[in-house]
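Working notes, beginning with the structure itself.
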Amino acid sequence: MLTTNQKGAIAETAITAEATRLGIEVYRPVAEGGRFDLIFAFPDASLARVQCKWANMEKGVISVRCYSCRRAREGMRYRTYTADEIDAIAAYCPANDRSYYLPVAMVAGRRVIHLRVAPAANNQHAAVNWAADYPFGAIAQLGERSAGSRKVGGSNPPSSTS
């Protein structure tokens, strides 16, 4: 049984390796404990603050937890992410050995995002986040737009590569 620290280290390593294969430079903050784990330097010279997550898959759905948790005097303290803290979450799913890139607009203020890899039992299609729409490989095409706030631009959905 892996600890949460071990899972985090595996996720960061897998995400770093994938980004490097895609030609994205990866940097780590000097100090631990910040709200993001890595900094991506894209080929177009834009930067992204990336929080890395371990994502579990169950019954055809990948669950990406979009919060941090720590012990406090009053008990466990959960905190979601904001656009002021990160630019994206990169999630590694060991069940299918794939990574996914979720822009902050999708995850800000949410505790969990579900990415579906198999059709829903009730045939639901509306409001479904398909894992295939957020593959990590597509971020090589993304770039930053300067409009007063940090946003990620590129294809919509953020993938045109497999």
Quick one: closest heavy-atom pair of [X] and [Y], and the distance?
{"X": "Ala91", "Y": "Ala55", "value": "CB-CB, 4.1 Å"}
{"X": "Phe42", "Y": "Ala48", "value": "CE1-CB, 3.6 Å"}
{"X": "Gly23", "Y": "Pro43", "value": "O-CG, 4.0 Å"}

Roughly how far apart are [X] [atom1] and [Y] [atom2], rounded to 0.5 Å?
{"X": "Ile62", "Y": "His114", "atom1": "CD1", "atom2": "NE2", "value": "11.0 Å"}
{"X": "Arg28", "Y": "Thr16", "atom1": "CZ", "atom2": "OG1", "value": "7.0 Å"}
{"X": "Lys53", "Y": "Cys93", "atom1": "NZ", "atom2": "SG", "value": "15.0 Å"}

For Met76, the other hydrophobic cluster members (4.5 Å side-chain criterion, sorted by chain and number) are Tyr67, Tyr78
For Met1, the other hydrophobic cluster members (4.5 Å side-chain criterion, sorted by chain and number) are none
Decide yes or no for [X] and [Y]: does some side-chain heavy atom of the first lie under 4.5 Å from some side-chain heavy atom of the second?
{"X": "Asn129", "Y": "Met106", "answer": "yes"}
{"X": "Val64", "Y": "Leu102", "answer": "yes"}
{"X": "Trp54", "Y": "Asn56", "answer": "yes"}
{"X": "Phe36", "Y": "Val50", "answer": "no"}

**Report entry** Gln124 atom CD, over 12 foreign heavy atoms within 6.0 Å
**Finding:** yes
Checking side chain to side chain donor-acceptor pair (under 3.5 Å) for the pair Asp44/Ser46: CA distance, chi angles, key distance, verdict?
CA-CA 6 Å; Asp44 70 353; Ser46 65; 2.7 Å; yes
Connected via hydrophobic side-chain network under 4.5 Å: [X] and [Y]:
{"X": "Val104", "Y": "Leu47", "answer": "yes"}
{"X": "Ile15", "Y": "Leu22", "answer": "yes"}
{"X": "Tyr92", "Y": "Leu2", "answer": "yes"}
{"X": "Leu115", "Y": "Val117", "answer": "yes"}

message: Donor-acceptor check, side chain of Asp37 to backbone of Cys52, threshold 3.5 angstrom: yes or no?
response: yes
query = Do Glu12 side-chain atoms and Ala9 backbone N/O form a donor-acceptor pair below 3.5 Å?
reply = no
Sequence neighbours excluded, the answer for ring-ring contact (aromatic ring centres under 6.0 Å, His included) partners of Tyr27 is none
*Could you please spell out the steps behind the side chain to side chain donor-acceptor pair (under 3.5 Å) verdict for Arg35 and Ser68?*
CA-CA 8 Å; Arg35 295 295 281 165; Ser68 62; 2.6 Å; yes
Would you call the rings of Phe40 and Tyr101 parallel, tilted or perpendicular if under 30° counts as parallel and over 60° as perpendicular? parallel
message: Check Arg79 with Glu85, please: is the shortest side-chain N to carboxylate O separation under 4.0 Å?
response: yes
- Item | N-O pairing of Glu18 and Arg98 below 4.0 Å | no
Would you sort out whether Cys66 and Ile89 count as a side-chain contact (heavy atoms from CB on, under 4.5 Å), showing the intermediate values? CA-CA 8 Å; Cys66 305; Ile89 287 181; 4.0 Å; yes
